[in-house]
Amino acid sequence: MKKIAVFASGSGSNFQVLAEQFPIALLFSDKKNAYALERAKNLGVPSYTFELKEFENKVAYEEAIVELLDKHQIDLVVLAGYMKIVCNTLLSAYEGRIINIHPAYLPEFPGAHGIEDAWKADVSQSGVTVHWVDAGVDTGQIIKQVRVPRLINDTIETFEARIHETEYKLYPEVIRELV
Ligand code: GAR
């Protein structure tokens, strides 16, 4: 069984779904007030948090992350709503071992607002993508992706909820194959 670290910046609902199905060695958050940290406490998952602003620069910040991952002998880094671009320090240490989930059908709607952007573009379908992380923004090799329809009576809230439900199924499916 590979040792998994999950990274989350916000609510951590994907993290929670994963922690209920797989042993998670640690949660890392770049936001001290992330609700994901609360979830980790309730789930008994060790959590660590440091913010970029505590460091001199992004290299030093990512060096601290690499040290944490090395110390715990992490095999797979699972980004689940980690809203920072992964830079060379972390990538060169862990490339090929970092995956991300994106709430759209890449290469459609990359970036931080995949759901909102698809909604505003009036698409009839969007999707969810799990991919390897490389130096680009949501550009790494796609592992698996599924389509999610936008229904005629959808509001952005119901559309968003359908995307999240799809994430909660797809991410565990992919991780089961990888570990
Ligand atoms: C998820 O929808 C994830 O796909 C998205 O952030 C959300 C985090 O929710 N990630 C991105 O947009 C990355 N570009 P969660 O904190 O409740 O899991």
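Numbering of ligands and ligand atoms starts at 1, following listing order. Here the structure is a predicted model, which means the values were calculated and not measured.
- Under 4.0 Å is where a charged nitrogen must lie from a carboxylate oxygen, and between Lys32 and Glu51 no such pair does.
- Of the possible polar contacts, none joining the His131 side chain to the Lys144 backbone as a donor-acceptor pair under 3.5 Å is found.
- For ligand 1, the protein residues within 4.0 angstrom (heavy atoms only) are Ser11, Gly12, Ser13, Asn14, Gly81, Met83, Ile101, His102, Pro103, Gly111, Asp138, His164, Glu167.
- Side-chain contact annotation: Tyr168 with Ser13, donor-acceptor N/O pair under 3.5 Å present.
- Below 30°, between 30° and 60°, or above 60°: for Phe28 and Tyr61 the angle between ring planes is between 30° and 60°, a tilted geometry.
- Remark: the backbone N or O of Lys3 is not paired with any side-chain donor or acceptor of Gln73 at under 3.5 angstrom.
- The shortest distance between side-chain heavy atoms of Val78 and Tyr171 falls below 4.5 Å.
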